[in-house]
Amino acid sequence: MPIFGTTILSFIPGWSAEGGRFAIEKTAELIDLMSAELNADILLLGGPEEDERNAKIKSLSKAKIYDCGTKNTIREFASLINLCDLIIS
């Protein structure tokens with residue numbers, strides 16, 4: 001059973017391969033859609049270089065987003081991922 005009592009989705013939108021990043025606006029739209037359709041809580045994750053990007057996504061989205069920070073240790077990151085029902089990266 002998820003810790004928040006609902007489906008938990010993790011978004012890691014800053015994948016840095018050439019052409020691999022989601023557009024900020026499209027990411028916020030997808031978060032809104034999936035949150036509403038699945039009644040999901042959203043965890044926003046990423047690396048240190050994604051602070052600004054994640055803040056912008058959170059400000060554009062209408063969904064309840066838990067910004068889990070971008071300076072997590074590997075162990076903390078793994079623990080957060082372990083909570084999730086679905087990871088979108």
Side-chain angles (χ1 to χ4, degrees):
M1 181 168 161
I3 192 168
F4 301 124
T6 187
T7 301
I8 301 174
L9 306 181
S10 174
F11 277 78
I12 310 171
W15 178 48
S16 61
E18 175 110 10
R21 287 187 177 212
F22 295 142
I24 291 171
E25 294 80 9
K26 293 294 183 187
T27 301
E29 289 174 22
L30 182 59
I31 286 172
D32 290 345
L33 176 69
M34 294 188 78
S35 176
E37 290 292 320
L38 300 173
N39 188 32
D41 286 334
I42 307 296
L43 303 183
L44 193 57
L45 300 166
E49 64 281 357
E50 291 151 3
D51 279 331
E52 186 176 319
R53 180 181 190 80
N54 286 358
K56 178 90 178 198
I57 290 167
K58 188 172 179 182
S59 73
L60 291 172
S61 176
K62 298 172 187 81
K64 173 66 175 170
I65 296 176
Y66 298 91
D67 187 349
C68 296
T70 58
K71 295 173 179 62
N72 297 298
T73 66
I74 295 293
R75 187 173 297 223
E76 291 166 338
F77 188 80
S79 295
L80 290 165
I81 292 295
N82 192 46
L83 296 172
C84 300
D85 297 298
L86 178 66
I87 301 163
I88 300 169
S89 177

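Only heavy atoms go into these numbers, but all of them, side chains included; no hydrogens, no water, no symmetry mates.
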Worksheet item: Which pair of heavy atoms, one from A28 and one from L60, lies closest together, and at what distance?
Response: CB-CB, 3.7 Å
Worksheet, complete the sentence: What one should report as the nearest heavy-atom pair of I65 and L44 is CG2-CB, 3.8 Å
Response to the item:
For G47 and E50 the tightest heavy-atom approach is N-OE1, 2.6 Å
Worksheet item: Which heavy atom in E76 sits nearest to a heavy atom in K71, and how many Å separate them?
Response: OE1-O, 4.3 Å
Worksheet entry | Closest heavy-atom pair and its distance - M34, A40 | O-CB, 4.1 Å
Worksheet item: Are any side-chain N or O atoms of D32 and backbone N or O atoms of A63, one a donor and one an acceptor, separated by less than 3.5 Å?
Response: yes
Worksheet item: Can you name the closest pair of heavy atoms from G46 and I12 and give their distance?
Response: CA-CG2, 4.3 Å
Discussion item. Strictly distance-based, threshold 3.5 Å: is any side-chain N or O of N39 a donor or acceptor partner for the main-chain N or O of T7?
Written reply: no
Practice prompt. Enter the distance from F11:CZ to T27:OG1 here, rounded to the nearest 0.5 Å.
Written response: 7.5 Å
Worksheet entry | Distance in Å, D41 CG paired with K64 NZ, rounded so as to fall on 0.5 Å steps | 8.5 Å
Worksheet entry | From L83 atom CG to L9 atom CG, the distance as rounded to the nearest 0.5 Å | 12.5 Å
Practice prompt. Could you tell me whether the side chain of S10 reaches within less than 4.5 Å of the side chain of I81, counting heavy atoms only?
Written response: yes
Item to complete: Can you measure from CG (D85) to CG (L38) and round to the nearest 0.5 angstrom?
Response: 9.5 Å
Worksheet item: Any side-chain heavy-atom pair from Y66 and L80 closer than 4.5 angstrom?
Response: no
Discussion item. According to a hydrophobic-cluster definition based on side-chain heavy atoms being under 4.5 Å apart (Ile, Leu, Val, Met, Phe, Trp, Tyr only), do L86 and I42 belong together?
Written reply: yes
Worksheet item: In Å and rounded to the nearest 0.5 Å, what is the OG to CD1 distance from S79 to I74?
Response: 11.0 Å
Worksheet entry | Residues T70 and D51: side-chain donor-acceptor under 3.5 angstrom | yes
